[in-house]
Amino acid sequence: MNKLLRHTEVVEAIPAGSTIAIGGSSLSRKPMSLVRALAARGAGDFRLIVDVGGPEVDLLLGTRKVSRVVYAFVGFEIMGLAPNFRRAREQQTTEFEEWTEFTVMAGLDATVKNVPFLPTHAGLGTDVLTVNPSFRLFQDPIEGETLVAVPALKPDFALIHVNLADPFGNGVILGDGHVDVLCAKAARHTILSAERIVSPEELQRYGRDVQIHRIHVDAVVEAAWGAHFTGCAPYYRADLAHVQAYLAAARTPETWDAYCARYVTDVPADYIQAVGGPEELVGRLEV
Amino acid sequence: MNKLLRHTEVVEAIPAGSTIAIGGSSLSRKPMSLVRALAARGAGDFRLIVDVGGPEVDLLLGTRKVSRVVYAFVGFEIMGLAPNFRRAREQQTTEFEEWTEFTVMAGLDATVKNVPFLPTHAGLGTDVLTVNPSFRLFQDPIEGETLVAVPALKPDFALIHVNLADPFGNGVILGDGHVDVLCAKAARHTILSAERIVSPEELQRYGRDVQIHRIHVDAVVEAAWGAHFTGCAPYYRADLAHVQAYLAAARTPETWDAYCARYVTDVPADYIQAVGGPEELVGRLEV
Amino acid sequence: MDYSVDELMIAAMARELSGEVMVSSVTALGALSAYLAKRTHAPELAVLSTPESGMEVTPMPTLTLGQFMTDAQRGIPLTMEDIFDAIFLDRFRIWINPAQIDRFGNVNITAIGPWASPRVAMVGSRGIPEDTSHLSAILYYVTNHSPRTVVERVDFRSGAGYGPDRERLLGQRGAPTRLVTNLGVFDFNGPDHSLAVLSLHPGVSREAVQEATGFPLSFSDDGRMDETPPPSENDLAIIRASDPLEVRKLEFLGGREAAERLVQIYERERQAMRAALWQNRGRLR
Amino acid sequence: MDYSVDELMIAAMARELSGEVMVSSVTALGALSAYLAKRTHAPELAVLSTPESGMEVTPMPTLTLGQFMTDAQRGIPLTMEDIFDAIFLDRFRIWINPAQIDRFGNVNITAIGPWASPRVAMVGSRGIPEDTSHLSAILYYVTNHSPRTVVERVDFRSGAGYGPDRERLLGQRGAPTRLVTNLGVFDFNGPDHSLAVLSLHPGVSREAVQEATGFPLSFSDDGRMDETPPPSENDLAIIRASDPLEVRKLEFLGGREAAERLVQIYERERQAMRAALWQNRGRLR
């Protein structure tokens with residue numbers, strides 16, 4: 001029942017070509033240590049599913065690990081556009097499919113509910129329906145209204161970063177939950193990274209903040225600062241200084257390669273030291 | 001913004017013929033004080049929607065306030081069958097429509113999601129589909145599978161009993177939530193009864209236990225012991241001694257009339273005294 | 001070793017549970033079999049204390065205190081959505097005790113007689129249709145195996161057994177897999193997926209079980225019938241320690257006798273819970 | 001009374017908010033207009049501190065601290081499901097700032113140029129399709145009204161304005177109702193539901209706004225154009241007290257200047273939050 005693994009063990013268990021749903025939302029609680037471990041390995045061709053994506057999508061695109069992205073949003077919020085996402089979209093080096101926030105949720109929920117689709121009005125009158133071939137208009141069988149059929153999204157894996165987890169895979173999320181519960185339920189295999197591993201007894205003190213249930217979880221990785229450079233409320237905020245460095249590095253291939261060598265490829269295990277060490281991080285990011 | 005009302009004011013605001021969804025589950029956290037107030041008034045013809053129903057449905061049927069019931073279950077659990085429900089079903093004095101636990105949830109959720117139906121496999125191969133004319137089989141537009149279309153359930157009112165509420169309609173549920181959040185969202189008007197009214201500041205200490213949000217709530221009634229004779233965890237358990245008295249009373253018209261005179265019709269305001277007074281209730285029911 | 005039929009059934013039911021799945025423990029026999037399985041061969045089970053909460057607790061058979069137990073033991077609160085999602089994802093198990101079960105594993109908790117004009121209106125299908133369209137293990141038990149409970153054909157299908165509807169619409173999803181009664185253990189591997197005896201309880205003859213059944217039963221071909229293994233000493237110790245008030249016996253009693261026993265248990269179970277609660281005060285309530 | 005255009009816009013935006021609805025406050029102008037409305041004419045608003053939580057807080061415009069604010073002020077945690085349910089039930093309002101808005105209120109945050117081979121790939125439609133198919137008030141703002149932002153026709157419809165698709169599929173559900181820019185306030189009551197001027201900000205001429213707009217604007221028939229009411233002294237006091245770091249100014253800046261200001265605010269906003277957090281320690285974290 002003990003599901004504790006190392007980053008490398010988890011990453012080796014994810015085959016190239018897998019469809020991977022990623023939790024978090026833009027600059028909040030992205031499973032960045034797992035994503036860096038994926039970005040550092042050889043084979044990729046991952047098919048990503050994100051609702052509100054950000055640095056995780058951008059980093060995997062920038063390290064050429066992605067063949068396809070289903071997304072409602074990919075960006076860096078107030079900090080601007082996602083540079084590698086933008087490049088891949090404009091140069092058409094990767095396949096993209098634009099969904100919307102609720103339809104990504106509905107697609108995951110359809111898988112959870114074991115139905116081929118869920119219906120909605122969302123998307124009607126927009127060009128999402130024009131460019132996304134997965135959606136289908138249909139007449140509902142009760143009232144005859146025209147609705148959008150949102151097809152089931154079926155991730156092989158989900159990557160989710162939580163505040164606390166026990167070794168069995170129960171996870172506590174203290175801040176906003178985003179779509180993480182849906183990702184965990186919909187994926188065939190769910191991998192949690194957690195700021196801290198605690199005993200089941202301690203974890204069960206958190207009541208309804210225990211949002212991820214072990215019956216949906218396959219592996220747990222301990223990862224202090226595991227969401228960095230996104231934030232992990234209420235422990236630490238997003239590191240906008242690092243975001244700026246990232247955005248600057250993404251401008252040219254040379255600076256990008258240097259960024260990856262420093263933070264991703266060569267020293268993934270020493271990432272926390274590379275970004276300044278725990279003390280400096282506490283000083284800059286703890287609230 | 002202050003939504004505090006008395007039982008009588010609330011009950012007067014519910015027109016005869018209304019469709020009423022009722023929260024709670026069998027012998028747990030049924031809004032019995034509101035139900036007694038409804039049972040004590042003149043006109044009825046209510047159309048009830050319950051997922052797992054119990055004493056609330058039975059009492060309203062026994063006092064002839066109901067013209068139609070949508071239900072997945074009506075019973076008294078370990079204590080046996082619901083006597084007035086059983087009688088009304090067997091004597092066909094009321095219209096019934098049998099649904100299932102998830103399909104009642106899906107029907108309410110369809111209303112919340114503003115779609116005419118939601119799809120499911122639940123019910124296939126059972127006689128629920130044979131006897132319930134509201135369900136429709138259809139071919140899904142993605143895979144062509146045969147699914148059940150669960151039509152939207154549209155309650156005019158929802159009655160929900162919570163542990164704590166603030167005067168604006170935010171409500172705390174400490175034990176199991178049952179389908180109460182769905183009822184509150186789906187109904188055009190939601191009425192909360194609460195064991196205790198607290199300030200917003202106190203209520204907001206409860207984090208994710210604040211399950212009912214005021215944007216979905218129209219009225220709040222203070223009702224200590226408001227779920228009696230069902231239970232309200234973690235405050236008090238179901239009163240099985242009273243259940244036995246209720247079941248015994250329901251055996252003949254005379255004893256039933258006496259029960260109603262004592263506990264429903266004549267003295268609804270003095271109900272807590274009629275069942276023994278707060279001290280005795282604490283002694284028997286607090287855990 | 002002395003044991004009673006409830007204990008034999010609980011041990012037999014426990015053997016059917018395994019895997020990292022939520023297990024509902026609504027009835028006493030369900031709760032005890034889940035807990036016994038978890039304490040013996042299946043520690044990975046996620047046993048619940050109520051129909052929708054209390055994951056990771058030690059279930060205690062109870063009449064009214066499931067949610068209090070969640071609190072006392074800091075069980076993980078769930079939602080109805082969590083429960084049905086686990087059902088749709090086949091990560092849920094429940095022992096269901098129907099009023100009627102038929103030759104092909106259709107079950108009835110809705111009505112005796114026609115639905116619209118029932119001779120006895122029972123409770124309504126509850127969540128059985130969801131289970132019998134999704135789970136890969138559908139588990140039934142009956143405490144009073146008789147021609148009135150194990151019938152040729154149910155009056156109403158609250159849960160989908162085998163038959164043309166299943167073939168056309170569901171396939172194996174949610175098909176019945178086991179029946180444990182006070183006489184034996186059964187599966188649905190007889191002709192056309194009909195009820196077949198897997199084992200008979202000690203002292204139960206083929207004739208006795210056939211007589212108690214409303215249709216011709218299938219027996220294994222070699223004429224030798226396995227005997228249901230009795231509960232071990234360890235099984236019995238676990239069962240009795242977790243149900244000192246003997247809530248499990250209620251499911252075998254009828255009418256007045258059940259009512260009297262029930263009132264006694266109802267009074268006493270609060271004491272047990274209070275002791276547990278006091279150990280865990282301090283949580284925000 | 002001195003005020004700047006951000007304050008004028010916030011006051012104009014606040015006037016559009018009322019009713020017992022959740023109000024998203026993702027952007028600084030959105031947060032401040034929601035809070036101003038709540039403090040003045042619409043105390044019933046349920047203002048959020050993040051896209052999905054913190055109901056019943058005092059929103060503070062912030063770059064990274066929304067969830068911390070929920071915690072500090074014990075805001076009510078919500079789920080994404082709660083948010084979209086509120087949208088589908090028309091109990092939600094949000095001020096959206098699109099990259100492009102066109103004559104008929106279609107908006108674009110997805111791409112400049114064709115979707116499949118964009119000149120500029122932006123962010124993706126996010127939740128705008130949900131809003132523009134369900135809400136009875138759809139509120140847009142633009143801080144740099146120009147022929148590149150207020151255009152004849154958007155390159156991509158991330159949100160549904162008026163047009164044949166709406167007529168056929170949506171009717172009034174989710175139709176655009178207001179646009180507030182740095183030049184004026186607009187609705188969609190021009191010919192065929194096209195953009196029409198409701199009021200111009202003090203000092204803005206008809207010619208100036210027409211010149212900044214990529215298509216012929218509708219003006220009211222009598223030739224007299226209302227002037228947008230300036231923020232009151234009370235409005236200004238509320239705005240400035242709730243945004244002492246002037247996060248609201250960032251939305252009017254471009255490139256390098258924005259980046260520098262942003263770093264300063266980012267450092268300082270933590271101090272403000274820490275002070276608030278310390279007042280509320282003790283909650284289980």
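None of these values were measured; they are calculated from a predicted model.
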Quick one: NZ on B:Lys113 to OG1 on A:Thr120, what's the gap to the nearest 0.5 Å? 9.5 Å
Does NZ in B:Lys154 sit with more than 12 non-hydrogen atoms of other residues, nucleotides or ligands closer than 6.0 Å? no
Give the interface residues of residues 128-142 of chain A toward chain B, defined by a heavy-atom separation under 4.5 Å. A:Ser134, A:Arg136, A:Phe138, A:Asp140, A:Pro141, A:Ile142
Under 4.5 Å, heavy atom to heavy atom: which of residues 176-203 of chain A reach chain B? Give them by number, or say none. none
Measure across A:Arg208 and B:Gly175 and return the closest heavy-atom pair with its distance rounded to 0.1 Å. NH2-O, 2.9 Å
Smallest separation among heavy atoms of B:Leu118 and A:Pro119, with atom names: CD2-CD, 3.7 Å
